[in-house]
Amino acid sequence: MARATLRSSRKARAAGSTELLCEGVFRPLAHAVVLALLPLRVPPPAVVFAATGTGLAAAAEIGRGDFIGAALLLQLKTVLDNADGQLARAAGRVSVFGRYLDSESDLLVNAVLFVALGYVTGRWWLVAVSFAVLTFVLSVDFNLERLYRRERGEEHEARPQAQGAAASLARVYDLVYAPQDRLVERLVETRLRKLGAGPAERLRYHDAATLTVVANFGLSTQLAALGVCLVAGRPVVYLWIPIACGLAFVPLELRRRYLVRR
């Protein structure tokens, strides 16, 4: 029964788009949380709020200089962040409200974490660049999978319709995330048009190997890397990791162009 619940609570992903650290470590840990919360009928948004509070507490600990405490809180935040979606799917309570709340809570926590990193490192310019690149990297991760699935006839809506309280969160999404969604899609379509790609070439361009690499730039892995840097007492090192992930898009794009032209 536990194994079946874990399988049924996993988020449907495109082939190859597996974040290894998340699937191998954080989702199984989140599953234990789900098994504890299911009988209590805890609403999934409550877990989102708990994850948000844990992330904000981690930022506060970074500001206080307690890097080990912050690192532990970040990993707990990741477990809770995975548990909310798994709980919603296991309980049959997936909602548009929860989808928007989760995305926007992550953005809030990331922003506060980077402010804390700026406070303790004094490298504000590097913090600003790293945060902007990380936000873009996470958007590319989401959108490349969405476009991969759409190319294969699986519609995956970036902005589902919302009503009531969810509509307010959807408006925030329109301001923050929707421009990134449009930018990524425009860049991809412009590239394919310049390459003169037909249906077969488009399928080769949207390849599973690229998804595999980009998926492992995801938030669970990012926060684990931040935790390692904090335990090592080198928070400034982490600020270069999102930038390195962003630069990795260059060879990935060159490879995809090669796949189209071969």
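Treat the numbers as computed from the prediction; the structure is a model and nothing was measured.
Note: the hydrophobic cluster containing Val94 does not contain Val34 (ILVMFWY, side chain heavy atoms under 4.5 Å, direct or indirect links). A continuous path of Ile, Leu, Val, Met, Phe, Trp and Tyr side chains, each step under 4.5 Å between heavy atoms, connects Val176 with Leu219, placing both in one hydrophobic cluster. Both Val127 and Leu247 belong to a common hydrophobic cluster when Ile, Leu, Val, Met, Phe, Trp and Tyr are linked at side-chain heavy-atom distances under 4.5 angstrom. A continuous path of hydrophobic side-chain contacts links Val214 to Leu187 [ILVMFWY only; heavy atoms under 4.5 Å]. There is a path of hydrophobic side-chain contacts, each under 4.5 Å, that joins Leu192 to Leu252.
Of all non-hydrogen atoms in Cys22 and Ser220, the two that sit nearest each other are SG-OG, 3.8 Å. Here the closest heavy-atom approach between residue Ala248 and residue Phe217 is recorded as CB-CZ, 3.8 Å. Between Ala71 and Gly227, the closest heavy-atom pair is CB-O, 3.6 Å. The two residues Phe67 and Gly233 make their nearest non-hydrogen contact at CD1-CA, 4.1 Å. Looking at every heavy atom in both residues, Ala51 comes nearest to Leu80 through CB-CB, 3.7 Å. Taking every heavy atom of both residues into account, Val120 and Ile62 meet most closely at CG1-O, 3.1 Å.
The CH2 atom of Trp240 lies 6.5 Å from the CZ atom of Arg123; values are rounded to the nearest 0.5 Å. A distance of 4.5 Å separates CG in Asn216 from CG in Leu20, rounded to the nearest 0.5 Å. Atom CG of Leu230 and atom CG of Leu74 lie 6.5 Å apart (nearest 0.5 Å). Cys229 SG to Arg234 CZ: the interatomic distance, rounded to the nearest 0.5 Å, is 9.0 Å. Interatomic distance, CG of Leu126 versus CG of Leu239, reported as 4.5 Å (0.5 Å rounding). In this structure, Glu61 CD and Leu72 CG are separated by 10.0 Å, a value rounded to the nearest 0.5 Å.
Leu254 belongs to a hydrophobic cluster with Val250, counting contacts under 4.5 Å between side-chain heavy atoms of Ile, Leu, Val, Met, Phe, Trp and Tyr, direct or through other members.
Taking the side chain as every heavy atom from C-beta outward, Arg64 and Tyr119 never approach each other to under 4.5 Å. Between Thr18 and Thr212 the shortest side-chain heavy-atom distance does not fall below 4.5 Å. The closest side-chain heavy-atom distance from Phe49 to Leu101 is below 4.5 Å. Side-chain contact between Phe114 and Val109: absent, with no pair of heavy atoms (C-beta onward) separated by less than 4.5 Å.
A donor-acceptor pair under 3.5 Å is formed between the side chain of Glu19 and the backbone N or O of Thr221. Checked by atom type and distance alone, the side chain of Arg256 pairs as donor or acceptor with a backbone atom of Tyr205 at under 3.5 Å. A donor-acceptor pair under 3.5 Å links the side-chain atoms of Gln75 to the main chain of Leu223, judged by distance alone.
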side-chain hydrogen bond (donor to acceptor under 3.5 Å, both in side chains) assessment of Asp102 paired with Ser105: CA-CA 5 Å; Asp102 187 39; Ser105 296; over 6 Å; no

Run Cys245 and Gln222 through side chain to side chain contact (heavy atoms under 4.5 Å, CB included) and show every step you take. CA-CA 10 Å; Cys245 292; Gln222 295 286 340; 3.6 Å; yes

For salt bridge (Lys or Arg N to Asp or Glu O under 4.0 Å), just list the numbers for Glu189 and Arg182, CA-CA rounded to whole Å, side-chain angles, deciding distance to a tenth of an Å, and then say yes or no. CA-CA 10 Å; Glu189 290 302 321; Arg182 291 193 294 268; over 6 Å; no

Show, in sequence, the C-alpha distance, side-chain angles and deciding distance for Asn82 and Gln86, and conclude whether the side chain to side chain contact (heavy atoms under 4.5 Å, CB included) test is met. CA-CA 6 Å; Asn82 281 280; Gln86 291 179 220; 3.9 Å; yes

Could you walk me through whether Tyr100 and Val172 satisfy the side chain to side chain contact (heavy atoms under 4.5 Å, CB included) test, starting with their C-alpha distance in whole Å, then the side-chain angles of each, then the deciding distance to 0.1 Å, before giving a yes or no? CA-CA 9 Å; Tyr100 286 126; Val172 176; over 6 Å; no

List the steps and the verdict of side chain to side chain contact (heavy atoms under 4.5 Å, CB included) for Asp181 and Phe142. CA-CA 9 Å; Asp181 296 342; Phe142 169 76; 4.0 Å; yes

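Tested against Lys77 for a side chain to side chain donor-acceptor pair (under 3.5 Å), the candidates Thr52, Thr54, Asp106 yield a single pass: Asp106. Between Arg150 and the choices Glu185, Glu145, His206, the side chain to side chain donor-acceptor pair (under 3.5 Å) rule is met once, by Glu185.
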Only distances under 3.5 Å count here; give the side-chain donor-acceptor pairs of residues 132-140 to other protein atoms, sequence neighbours excluded, each with its distance to 0.1 Å.
| residue | atom | partner | partner atom | Å |
| --- | --- | --- | --- | --- |
| Thr135 | OG1 | Phe131 | O | 2.9 |
| Ser139 | OG | Asn143 | ND2 | 3.2 |

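Under the salt bridge (Lys or Arg N to Asp or Glu O under 4.0 Å) criterion, the residue pairs touching residues 190-199 are Arg191-Glu253, with sequence neighbours excluded.
For Arg152 and Tyr148, the positive end sits near the middle of the six-membered ring, less than 6.0 Å away and at most 45° from its axis.
A donor-acceptor contact under 3.5 angstrom links the side chains of Thr210 and Asp207, judged on distance only. With no hydrogens or angles considered, no side-chain donor-acceptor pair links Tyr177 and Glu104 at under 3.5 Å.
Within 6.0 Å of CD1 in Ile68 there are 12 or fewer heavy atoms belonging to other residues, nucleotides or ligands.
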